[in-house]
Amino acid sequence: MSLHSRASDVLDDKIKKVSNEHYWKKLIHFHDGYLNSESYADSDSFFLSPVGKIDLSEELKSTINAFKKIDKSYTPQKIPAQCAFPERLKFIREKFPEINFKETDCPYFQQWKKAVKGESLSLVFASSFVNNPSSMFGHTFLKFNKKENESLSKDMFNYVVAFSAKANDTPGILYAIKGLFGGYKGIVDVQPFYLTLREYSKVESRDIWEYKLNLTEDQLDSLVNHIWELYANANFDYYFFDENCTSMLARVLALVTNEAFDEEMEGYALPTDFLRILKTYKLVESTNYFPSLRKQFFASYKILSADQKKSFQQLLDDNLHEGDNKTLNSLVHYFDYIRHDHENIVSKEFQLKQKKILSMASKKGILEQAKVSIPVSPDNGHLPSRLDLFYGKVNDQESLSFNLRPSFHSLIDPGEGYEPWSHIEFFNFQLMYNMDEKEVDLNELIIANIQSLPDFKLLDTNTSWSLDVKVRPIFEESKLSSHKGSINLNMGLSKHSELFLISIMTGARLEGHSSFENYFKLGPNVKLNLGLNIFNTKIILESSYFYSLLKPSINNHRDYLETRLQLSTQLSNTISLRLEGKSISRVGDISKEAYKSYLLGFGMFY
């Protein structure tokens, strides 16, 4: 055997060994799965071997060979491989010091790196926004902080890194469905902070939490290198639950910190879970809170006296030519919020009014920032999964109930750390064991239950809506072992504070079962929510009435009234004492309930 072939065999053996190292796997986003192992990346340009997506050793070997060919162009940018994959180059030089790679200039990458990199890094969390399906769990992105851009105004010119779905669809039901099942490609985007905020159409109605991370200079350098590799070369499948904005950032940070917290988030990746994990690994140095423009306006409006509020309205209607400092300050906040809420698409009349108010306010002196109380941070809210165990009576028979809620938050849950009186649940199921009959039945399967209940105000007329998709027994016919499917969409108005909730909505319900005439029932639905939050206890009353416009079969009824009363008292951060009662009756015969249950038990968040 020649010396050359022997040296080649030694190098091949070393490549196989190094390719199984943790850092190399993280560099190409390789996932060791139960059924198959491959990279999360889906673009050919991210790999230098035709089989690089599934073969760690071949990708490393091809990368080494590509780094030797500085005159050859690679990737969509048509640049040398050393310039396209700077963090891989750094890793390979450390692991293979015996290989002498020729140096090459990378002016485009160096210019980009100088513009993007900062002296520190923050993870930014924009609070959940139920009206946009892609943002109902909140949104996370990274922000590099330059020392010369530390003031709030200049902070907008720091660069941020976000992973998001590349989609032209308008946010809505179709957008949500495609996002759930991987209908979009995900890309890593790098741009100034102000552009990221503007892209999210309602971001100004969402609170911003900034978590400053304590990374070393070397970790920051590796992070920027790898972000370039992703930004210039890669795309990924995008799913709302697992391969989303948070899972990508978790993998990137896990790479440079040499931690495995990204593996803890496999299955589904919620932004709030990631925030807790970062704190657990002691990577959070400090936390800052920036209230939404909406909160800033209402904080400034709330402190106005009755006369000042009257002046506010008169100035808004052009019926007053002068106002005091507090009134004008509140008006400035109002115009700022409304303008951003409409994505700067406002009428000429609005623009003239805003200009007039700003001119009047500037003559009164420096405007004050409205004082907004700091809420509980999202990482300190309850854990998203909940398990309930109940004992009680169902139709006068002793029963045990088992309820599993994988995600995320409901009206009965503690509100701290979440949007007030919000409700987002997916894939709940409840099993009921009849102790007398020794039978187990599926009592409910909630595919999705979303309720957006913003506080309605005359100065900000937000509409409430709810959507639920369920499979459950035909309770109104006392058929507990025969299940129907239903879709219910409602719209209406809500009023609430920290202590109470009042919401009334109306809409349409579609139900399906083989026993129904033409297999369906369709008609109007009215829904009422009442809530009370006091002394660490929540009480929720939900009542809905449905009337089918389609003629039922002889054995079916057209309408029914459903009422559900829940009480929950927090015993600790993870345990709650729960009481639940439910009644379903046909309106023509309310005195005779078709279904009733009274259950007492415990809920556990995990």
**OP:** Give the C-alpha distance, both sets of side-chain angles, the deciding distance and a yes or no for salt bridge (Lys or Arg N to Asp or Glu O under 4.0 Å) between Asp262 and Lys26.
**Re:** CA-CA 10 Å; Asp262 57 322; Lys26 295 293 184 186; 2.5 Å; yes

**OP:** Apply side chain to side chain contact (heavy atoms under 4.5 Å, CB included) to Phe298 and Asp460, showing your working.
**Re:** CA-CA 10 Å; Phe298 280 109; Asp460 188 26; 3.7 Å; yes

**OP:** Using the side chain to side chain contact (heavy atoms under 4.5 Å, CB included) rule, take His139 and Phe163 through it: C-alpha gap first, then chi angles, then the decisive distance, then the call.
**Re:** CA-CA 10 Å; His139 182 70; Phe163 179 66; over 6 Å; no

Subject >> Stepwise ring-ring contact (aromatic ring centres under 6.0 Å, His included) check, Tyr334 with Phe297 >> reply: CA-CA 5 Å; Tyr334 172 76; Phe297 160 60; 5.2 Å; yes

Original post:
Yes or no on side chain to side chain contact (heavy atoms under 4.5 Å, CB included) for Leu445 and Asn428, after CA distance, side-chain angles and deciding distance?
Top reply: CA-CA 6 Å; Leu445 170 62; Asn428 303 30; over 6 Å; no

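Expressed to the nearest 0.5 Å, how far CZ of Phe426 lies from OG of Ser407 amounts to 7.5 Å. Considering CG of Leu11 and NZ of Lys16, their distance stands at 11.5 Å, rounded to 0.5 Å. Summarising the geometry, atom CG belonging to Leu253 is positioned 6.5 Å from atom CG belonging to Leu121; distances are rounded to the nearest 0.5 Å. Within the model, atoms OG of Ser410 and CH2 of Trp421 stand 11.0 Å from one another, a figure rounded to the nearest 0.5 Å. Note that CG of Leu27 is 11.0 Å distant from CD of Glu21, once rounded to the nearest 0.5 Å. Between the SG atom of Cys83 and the CH2 atom of Trp112 there is a distance of 13.5 Å, given to the nearest 0.5 Å.
Under the rule for a ring-ring contact (aromatic ring centres under 6.0 Å, His included), the partners of Phe335 that lie at least two apart in sequence or sit in another chain are Phe350. Partners of Phe109 according to the ring-ring contact (aromatic ring centres under 6.0 Å, His included) rule, which considers only residues two or more places apart in sequence or in another chain, are Trp228. Evaluation of the side chain to side chain donor-acceptor pair (under 3.5 Å) rule for Asn449 yields His423 as partners, not counting sequence neighbours. Checked against salt bridge (charged side-chain N to carboxylate O under 4.0 Å, His left out), Asp413 has the following partners two or more places apart in sequence or in another chain: Arg386, Arg405. Residues passing the side chain to side chain donor-acceptor pair (under 3.5 Å) test with Ser300, sequence neighbours excluded: Ser330. For Lys279, the salt bridge (charged side-chain N to carboxylate O under 4.0 Å, His left out) partners at least two apart in sequence or on another chain are Asp379. Residues forming a ring-ring contact (aromatic ring centres under 6.0 Å, His included) with Tyr211 (at least two apart in sequence, or on another chain): none. Looking at residues two or more places apart in sequence or on another chain, you find no salt bridge (charged side-chain N to carboxylate O under 4.0 Å, His left out) involving Lys68. Scanning for salt bridge (charged side-chain N to carboxylate O under 4.0 Å, His left out) contacts around Glu119 gives an empty result, with sequence neighbours left out. For Thr257, there are no side chain to side chain donor-acceptor pair (under 3.5 Å) partners two or more places apart in sequence or in a different chain. Asn36 is linked by a side chain to side chain donor-acceptor pair (under 3.5 Å) to nothing, counting only residues two or more places apart in sequence or in another chain.
Electrostatic pairing of Lys53 and Asp44 does not count as a salt bridge here, judged by no charged N lying under 4.0 Å from a carboxylate O. For the pair Arg93 and Glu98, the salt-bridge criterion is not met [side-chain N within less than 4.0 Å of a carboxylate O]. Between Asp273 and Arg276, at least one side-chain nitrogen of the basic residue sits less than 4.0 Å from a carboxylate oxygen of the acidic one, meeting the salt-bridge criterion.
A 4.5 Å side-chain heavy-atom check between Asn288 and Trp209 finds every atom pair outside the cut-off. The shortest side-chain heavy-atom distance between Ser120 and Leu213 does not fall under the 4.5 Å cut-off.
In this structure, Phe261 has its ring center closer than 6.0 angstrom to the ring center of Tyr281. Checked against the 6.0 Å centroid threshold, Phe408 and Tyr418 count as a close aromatic pair.
Using a 3.5 Å distance cut-off with no hydrogens or angles, the side chains of Thr75 and Ser45 do not pair a donor with an acceptor. Between the side chains of Asn65 and Ser62, not a single donor N or O lies within less than 3.5 Å of an accepting N or O. Side-chain N/O atoms of Ser128 and Glu419 include no donor and acceptor closer than 3.5 Å. Side-chain atoms of Asn233 and Tyr74 form no donor-acceptor pair, as typed in the model, at a separation below 3.5 Å. At a cut-off of 3.5 Å, with distance as the only test, no side-chain donor of Asp55 or Ser49 sits close to an acceptor on the other residue.
Under the 6.0 Å distance and 45° angle rule, Lys14 counts as a cation-pi partner of Phe96.
Residue pairs meeting the side chain to side chain donor-acceptor pair (under 3.5 Å) criterion with at least one member in residues 81-91, sequence neighbours excluded, are Tyr23-Glu87, Glu59-Arg88, Thr63-Arg88, Glu87-Ser222, Glu87-Asn225, Lys90-Asp218, Lys90-Ser222.
Nearest heavy atoms, Gln570 versus Ser576: OE1-CB, 3.0 Å.
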